[in-house]
Number of protein chains: 4
Amino acid sequence: MWIQTRVDVAMSESTRPGRPRSTDVDQAVMSAALDLVSASGFRAVTIEAIAAKTGVAKTSIYRRWPNRAAVIMDAFLARVGTQPLFAPDEGFLEGLRRQLRTMAKSFRGEDGELVKALLAESQFDPDLASAFHDRWTMPRREMALEHFRAGAERGAIRRDADLEVAIDMLYAPFYYRLQMGTGPLSNAFVDGLFDQVMQGLRP
Amino acid sequence: MWIQTRVDVAMSESTRPGRPRSTDVDQAVMSAALDLVSASGFRAVTIEAIAAKTGVAKTSIYRRWPNRAAVIMDAFLARVGTQPLFAPDEGFLEGLRRQLRTMAKSFRGEDGELVKALLAESQFDPDLASAFHDRWTMPRREMALEHFRAGAERGAIRRDADLEVAIDMLYAPFYYRLQMGTGPLSNAFVDGLFDQVMQGLRP
Amino acid sequence: MWIQTRVDVAMSESTRPGRPRSTDVDQAVMSAALDLVSASGFRAVTIEAIAAKTGVAKTSIYRRWPNRAAVIMDAFLARVGTQPLFAPDEGFLEGLRRQLRTMAKSFRGEDGELVKALLAESQFDPDLASAFHDRWTMPRREMALEHFRAGAERGAIRRDADLEVAIDMLYAPFYYRLQMGTGPLSNAFVDGLFDQVMQGLRP
Amino acid sequence: MWIQTRVDVAMSESTRPGRPRSTDVDQAVMSAALDLVSASGFRAVTIEAIAAKTGVAKTSIYRRWPNRAAVIMDAFLARVGTQPLFAPDEGFLEGLRRQLRTMAKSFRGEDGELVKALLAESQFDPDLASAFHDRWTMPRREMALEHFRAGAERGAIRRDADLEVAIDMLYAPFYYRLQMGTGPLSNAFVDGLFDQVMQGLRP
DNA sequence: GGCTAAGCGAGACGGTACGTCTAGTCTTGGG
DNA sequence: CCCAAGACTAGACGTACCGTCTCGCTTAGCC
């Protein structure tokens, strides 16, 4: 599960010698991190604060993660999980519209705050940036791309369309509005966006 | 010139009592800030570093700006200026395509780095966020909107199109790619994006 | 006043630019250090504890002293002062006996604790060791030596006696008993020691 | 052999159930401790360093000794051993002078370093202090006292002399010079000290 | 040969303090 | 009132060891 962000340990979990790491610590740290983000914002999530709140020693945290950003990254991903965005039996248009609305809702809430903070912090931390890229951005893009490819195959959209660009057009505005505050991520907005993008993709 | 970001002074510049502020200090601080961004990245631009590099006292910097982000914000805006994005005698499509390419080029260079960093830092600093919004995002959006409105009037695009959404579709991907690194901000990308958006806006 | 131990500053106190160091900080830190030694022993005198107790920031302490031992060293010396051990108009034997008793009394109290701790800590810290040597041990030895030289000149002791050795015989047992706990530093002990040493120094 | 310092085990070595303790561990730990003292000084002798150097687990060390000082104490005593200081058939003066010279030589070398460090650490650790007292200081004092008593009986020194004080005068300067660095522990010094003390003890 | 008990290496754990860093504020003397 | 210099409080950083605790495995004596 842990790629990039978490400190790797040499051997496989089961055969490693010594006292095994307590999973309570992982849980306590990650949920405290999320609590602190909610309560006081990203900048309040210091290792010291997590240690104080949980009773976990700083050393135990640093044994697992290289810095605070990595903790939050993991906490966030453990929360949002990695379920598929699209159901295989759903129609192209219905599925896409549903997913966009779900995403908008999620971005309007706490997830949006987390995405915003992690994306921002990424600009200053290369490790976090690549973790965010590999574990958040790309998996979602891939799923979207797959959905689009299937749609194209089934004739729901033009075959010669540049899908990468289409995905940018569709998803970039979510991040843009999230960060810029130029307008709400309402369902009306999502529908307008959806319609206008589909306008250009009709076969 | 300074709105939001810079510390306001009570009276007008000319009539204030006491020793007038040296304009050298402003210049030195802002150009040092930009130099430091180029040389070592945003995180290296600390007030202490600027003070050390320029010989200007920290006090003198804090007298003018509330924090380091504000310094960089001002330095950035002083650099990119506020010239109009579109020429009044240019055609809608030609003008838009030219502007997009210019913007892409700018984002590929140092300006991109600065936008990225300021946008990121904005997430953690409300003052900076509103400065960025008021002095960077909105003026440019307004100019684009004006250009689109004129285009619609002249019949270059559909009259019933949602221009806010169109602008999101067109510009959001710039920021997306800038931050996410999912692909280059090449001219090919810009053209593809432009074509696909126009596809949906044709009358 | 500060030799070796305290962090040196380049220019003379009066002409140095910038905000002058607050003498309150020095006072507060040193007296807190002594309080902590009394209350909880040398090992409890941590920089963190001093900072917490006084409200002085750690940085302000580290600006003045390189480590906790140096703080205590200075605090100790500020307390014991540098008054002369012998009065010039006193007879050799009377003066010496009086000084030995005074010293024994001092060693039986808090000063003894401090000497013991500083001497011990010196074994692990070369800077502290040389500070202790230069600012405690040697000045006192010099004063004693001077007293012995005057005594020899006045015929109170043998002219050919090795005074360095005599001083060792007289003072080393103070430190020995202080550390080893082989017996009390009582007046009886002091007198016995004095008599026996003088036995060997009689002209 | 182990008094005070080493952790006691309930039953006698031979009949205790379970796997017997490996003597290799004792050896490895103690010699590593001495090596580390030689190589990098007392402060470098951390339990972690010993464990790392020897491959012995920290648990195995703490099973035997309560803390690092106890380890070094035992290592030291195992090294210097407990042979008698004086030969029964030696004359009082010759024997004493020989022993003093031997001791000076030992103090000039690594033993001196160890004594210094253990004595210093004793100031902060009551257990270590009493171990040092019981297993180093007192046995040697007793042997010296015995030698002096025999000397007094044989008429080599005054019968009414305070032997405790005499021993302090003779041995305290060794520790004093060892710690204070006020002069070398040379044979010349030893002889001068010896002569002067004997001056006062002549019958 | 299996059982019980302790030793052993490994490494996780809660702590404490370290000395460093940067932020933003305050206080000098001098212009 | 400005300016340079630098002291000041505040608080997080990441590190080093401490001494304790769990693991799985090993090594003995005893039934």
Side-chain angles (χ1 to χ4, degrees), chain A residues 9 11 14-22 24-25 43-49 51-52 54-64 66-68, chain B residues 9 11 16-22 24-25 43 46-49 51-52 54-68, chain C residues 9 11 14-22 24-25 43-49 51-52 54-64 66-68, chain D residues 9 11 14-22 24-25 43 46-49 51-52 54-68:
Chain A
V9 283
M11 282 172 262
S14 55
T15 54
R16 204 146 28 97
R19 175 174 172 177
R21 293 195 182 161
S22 160
D24 292 2
V25 168
R43 286 281 149 104
V45 189
T46 64
I47 298 287
E48 305 248 318
T54 56
V56 166
K58 277 167 65 183
T59 19
S60 294
I61 302 175
Y62 281 114
R63 197 174 295 117
R64 290 170 164 78
N67 51 51
R68 81 196 178 107
Chain B
V9 284
M11 282 172 260
R16 205 144 25 97
R19 175 171 169 180
R21 290 193 185 162
S22 159
D24 293 2
V25 169
R43 277 286 144 102
T46 63
I47 297 288
E48 307 250 319
T54 56
V56 165
K58 279 165 66 182
T59 335
S60 296
I61 303 175
Y62 279 113
R63 198 174 293 118
R64 290 169 164 78
W65 295 276
N67 52 49
R68 76 196 183 111
Chain C
V9 283
M11 280 172 262
S14 55
T15 56
R16 205 149 23 100
R19 176 174 171 179
R21 293 196 181 160
S22 160
D24 291 3
V25 167
R43 284 281 148 106
V45 189
T46 64
I47 297 289
E48 306 249 316
T54 56
V56 165
K58 279 166 63 181
T59 15
S60 294
I61 302 175
Y62 280 113
R63 196 174 296 115
R64 291 169 163 77
N67 51 52
R68 78 194 181 109
Chain D
V9 284
M11 281 172 263
S14 54
T15 55
R16 205 148 23 99
R19 174 174 171 178
R21 292 194 184 162
S22 160
D24 293 2
V25 168
R43 279 284 146 103
T46 64
I47 297 288
E48 307 247 318
T54 56
V56 165
K58 279 165 67 181
T59 336
S60 296
I61 302 176
Y62 280 113
R63 197 174 294 117
R64 291 169 164 78
W65 294 276
N67 52 48
R68 76 191 183 113

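Protein chains get the first letters and strands the later ones, always in sequence-line order, with residue 1 at the start of each.
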S.K.: DNA chain F: I47(A) or N67(D), which has the more 5' nearest nucleotide?
M.R.: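 Result: I47(A).
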S.K.: Want to settle it: does E48(D) or E48(C) sit nearer the 5' end of DNA chain E, counting the closest nucleotide to each?
M.R.: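 The residue closer to the strand's 5' end, by nearest nucleotide, is E48(D).
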S.K.: From the list dG9(E), dC18(F), dC3(F), which nucleotide is the closest neighbour of the side chain of S60(D)?
M.R.: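 Output: dG9(E).
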S.K.: OP1 or OP2 of dC8(E) sitting under 4.0 Å from any side-chain N/O of R64(D)?
M.R.: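 Yes, such a contact exists.
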S.K.: Take R68(D) and E48(D) through the test side chain to side chain contact (heavy atoms under 4.5 Å, CB included) and record every step on the way to the result.
M.R.: CA-CA 10 Å; R68(D) 76 191 183 113; E48(D) 307 247 318; over 6 Å; no
S.K.: Would you tell me if any nitrogen or oxygen in the side chain of R63(A) comes within less than 4.0 Å of OP1 or OP2 on dA12(E)?
M.R.: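 Affirmative; the distance criterion is met.
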S.K.: Return the nearest nucleotide to the side chain of K58(C); candidates are dT20(E), dT22(E), dC18(F).
M.R.: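 Per side-chain heavy atoms of K58(C), the pick is dT20(E).
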S.K.: Examine dT26(F): is either OP1 or OP2 under 4.0 Å from a nitrogen or oxygen in the side chain of R21(D)? Give yes or no.
M.R.: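 So the side chain of R21(D) is outside the cut-off, no N or O lying under 4.0 Å from OP1 or OP2 of dT26(F).
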S.K.: So T59(C), base contact, sugar-phosphate only, or nothing? Heavy-atom distance under 4.0 Å.
M.R.: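 T59(C): base contact, heavy atoms under 4.0 Å.
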S.K.: For the side chain of V25(D), starting at C-beta, report the closest nucleotide among dG9(E), dG24(E), dT15(F).
M.R.: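 Nearest listed nucleotide: dG9(E).
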S.K.: Tell whether T46(D) reaches the base of dA16(F) with its side chain through a donor-acceptor pair below 3.5 angstrom.
M.R.: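 Looking at the base of dA16(F), it does not pair with any donor or acceptor on the side chain of T46(D) (distance under 3.5 Å).
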S.K.: Specify the residue among G18(C) and R19(A) whose closest nucleotide of DNA chain E lies further upstream toward the 5′ end.
M.R.: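 The 5'-side residue here is R19(A).
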